[in-house]
There are 2 protein chains.
Amino acid sequence: MNRQIHLVERPKAAPTHEHFNLVETSIPKLGDQEVLIHNLYLSVDPYMRGRMSDAKSYVPPFKLNEKLVGGVVGEVVESNSDQFQTGDVVTGMLGWEEYSIAPEKEIRKVNPELAPVTTSLGILGLTGLTAYFGLIDICQPKEGETVVVSGAAGAVGSVVGQIAKIKGARVVGIAGSDEKIDYIKNELGFDEAINYKTTENIQEALEKACPNGVDAYFDNVGGEISDAVLNLLNKFARIAQCGAISSYNKVDDQGPRIQTKLIKSSALIKGFIVSDYAERFKEGAEQLGQWLQQGKLKYEETITEGFENIPDAFLGLFEGNNLGKQLVKIGEPQHAKL
Amino acid sequence: MNRQIHLVERPKAAPTHEHFNLVETSIPKLGDQEVLIHNLYLSVDPYMRGRMSDAKSYVPPFKLNEKLVGGVVGEVVESNSDQFQTGDVVTGMLGWEEYSIAPEKEIRKVNPELAPVTTSLGILGLTGLTAYFGLIDICQPKEGETVVVSGAAGAVGSVVGQIAKIKGARVVGIAGSDEKIDYIKNELGFDEAINYKTTENIQEALEKACPNGVDAYFDNVGGEISDAVLNLLNKFARIAQCGAISSYNKVDDQGPRIQTKLIKSSALIKGFIVSDYAERFKEGAEQLGQWLQQGKLKYEETITEGFENIPDAFLGLFEGNNLGKQLVKIGEPQHAKL
């Protein structure tokens, strides 16, 4: 028997438990070159909200009454593939389900001896690569420049800030709790940090934190925080538009128009998703692994326990409940040694 | 005696005649390496509205109770410079005044035999260079792509569309009168043209005009027209943010937030002003001159007559009164042969 979580209704505004349903199903028979995986950790990510809508996009929407799909780490429990055997730890874009069947070409092995396997969903996976390419390719931080990061204590933002520090920039993080502020300043070494939930005037706080203006902005949140940052852009500023979590659950999100601000500063905004950089993943993963081994990158994980709590963990992203990467642990390994 | 037009009050919203004043002054004595110029044609441009405000910008604001500054073509009537003599036609960033004194290094000669001297303020001057660099460097149109241009019958937009056609793109122009629509379609060869003032549903009209989506957008206007274009962006679309004339006179211009749209299409917006490309002006001017000689570029000028009508001509830009480049003829040549 298998358990899955299905999307049963498309959220118009904020998603709730009513949009999800836990369904019991059977496990289909393994085909050739296929592998049966016992899922151990799932990744829940803000971008998944976008796939719950059926608006035009370059990533197809999730289908109604089918399992949701996201990053998973699991152990192989049965294999019709020469490349995988029982006990191998693997990762791929699998389902919100306890057991997944995957063609061999859609998964890759994770070596549990190099780093905790959960890092393949976080700092050494798509999350880390998102931070790396958005910052390096779009923000292009230079020594001494001021880089602002929103969602700074989140899975992506926390890596962005650390890489910007490695590149010699002055880094200002924006996050939503004193615990997060403490973490990015005192653990990760950000130069300044602003708690947007307790700061009365975010614009003034930003001006104080960025006395030389803003040269680059890695944006995960959009909304009023970005309105304030965009007032401080230096000439030729670069903005990596990675996410806009403050907009995802709004039906009609209005704000100040930004075109004039971009003209005044000859600034650039570039939207992206990590798959835009698929051809350079090897470069990014090698660099991130090297920095991690050298102790130059730290990471946090917020791990929710229990299959039935997947929707809770996902919905919590929009409340800012997570520090670092939000994962859900849904199984104990039976064959793999972690 | 000289006449100047001064800025006497900074407009908060739309500028009116009350913000300007016609002042009679004397002409100061010529210094070394300076030239006295009798001004013949002035350029009035939407970007000048920005310099009338004192908000932070990388272009300094106009000073109150001093002459306004813009592009001018005039004839040399007195010279303390070895490089210029009486009768030479010159251009530079001079004043809204009948006579200007300029250091020799701030003006350059115009050859009246190569092209009408007014083109040095338009298609062969900063206007043409704005179109060239925004399109070539930011929009990067490719054969068969769809390029949308707003303000398409204006001085910049009309050049943008023609260069995009030279590059093999399908060009859709947006403008505000039937005369302009007729001009860009039938004179300039745009593939489609939309009159935003008479079209009931601009979004539907754009979708019809861009059945394959929008690959590049050269934006002069911002506002609701851009809202509609941004809903049609193809993957990796490029937007050159040249102007936002619909926003300039608004105190608090709100609209739909665009971050999510940029993410969905991995799209880029880049603000710019032409001086960002100062090091490449020679390249741009040579290319524009070549296309003009080959008959590949056409241009229109709207010439208002009379010094006292400069404010009218400027204010008319915001009503869309001009077809092509808006100039003001303020003098007849006394020494130069045009």
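Within every chain, numbering begins at 1; the chains are lettered A, B, ... in the order of the sequence lines, protein sequences first and strands thereafter.
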Legend entry - Part of B/I258 within contact of chain A (heavy atom distance under 4.5 Å): side chain

Inset, instruction - Check each atom of B/S265 against the heavy atoms of chain A and say whether the ones under 4.5 Å are side chain, backbone, both or neither. - result: both

Legend entry - Heavy-atom pairs under 4.5 Å with chain B, option from A/D227, A/I138, A/I239 with the top count: A/D227

Inset, instruction - Please name the pair of heavy atoms, one in B/S247 and one in A/R257, separated by the smallest distance, quoted to 0.1 Å. - result: OG-CD, 4.0 Å

Legend entry - Exercise: identify the closest heavy-atom pair between B/Y58 and A/N234: OH-CA, 3.0 Å

Inset, instruction - Please confirm whether the backbone N or O of B/S266 pairs with a side-chain atom of A/K270, one donor and one acceptor, at under 3.5 Å? - result: yes

Legend entry - A/E283, CD: over 12 other non-hydrogen atoms inside 6.0 angstrom: yes

Inset, instruction - Against chain B, label A/Y47 side chain, backbone, both or neither, depending on which of its atoms sit under 4.5 Å from a heavy atom there. - result: neither

Inset, instruction - Locate the shortest heavy-atom distance separating B/Q241 from A/I263; write the atom from each residue and the value. - result: O-CG1, 3.4 Å

Legend entry - Whether over 12 other heavy atoms sit under 6.0 Å from A/Q254 CD: yes

Legend entry - Region of B/D252 that comes under 4.5 Å of a non-hydrogen atom in chain A: neither

Legend entry - Atom NZ of B/K63: over 12 foreign heavy atoms under 6.0 Å: no

Legend entry - Choice from A/L268, A/L262, A/D219 maximising heavy atom contacts with chain B below 4.5 Å: A/L268

Legend entry - Contact summary for A/Q259 and B/A244, nearest pair of heavy atoms: CB-CB, 4.0 Å

Legend entry - Top contributor to chain B contacts, counting heavy-atom pairs under 4.5 Å, from A/G50, A/G222, A/A267, A/S226: A/A267

Legend entry - Top contributor to chain B contacts, counting heavy-atom pairs under 4.5 Å, from A/C242, A/G223, A/G243: A/G223

Legend entry - Side chain / backbone / both / neither for B/L233 at chain A, heavy atoms under 4.5 Å: backbone

Inset, instruction - Flag the one option from B/K250, B/K264, B/K261, B/K235 with the top tally of heavy-atom pairs under 4.5 Å to chain A. - result: B/K235

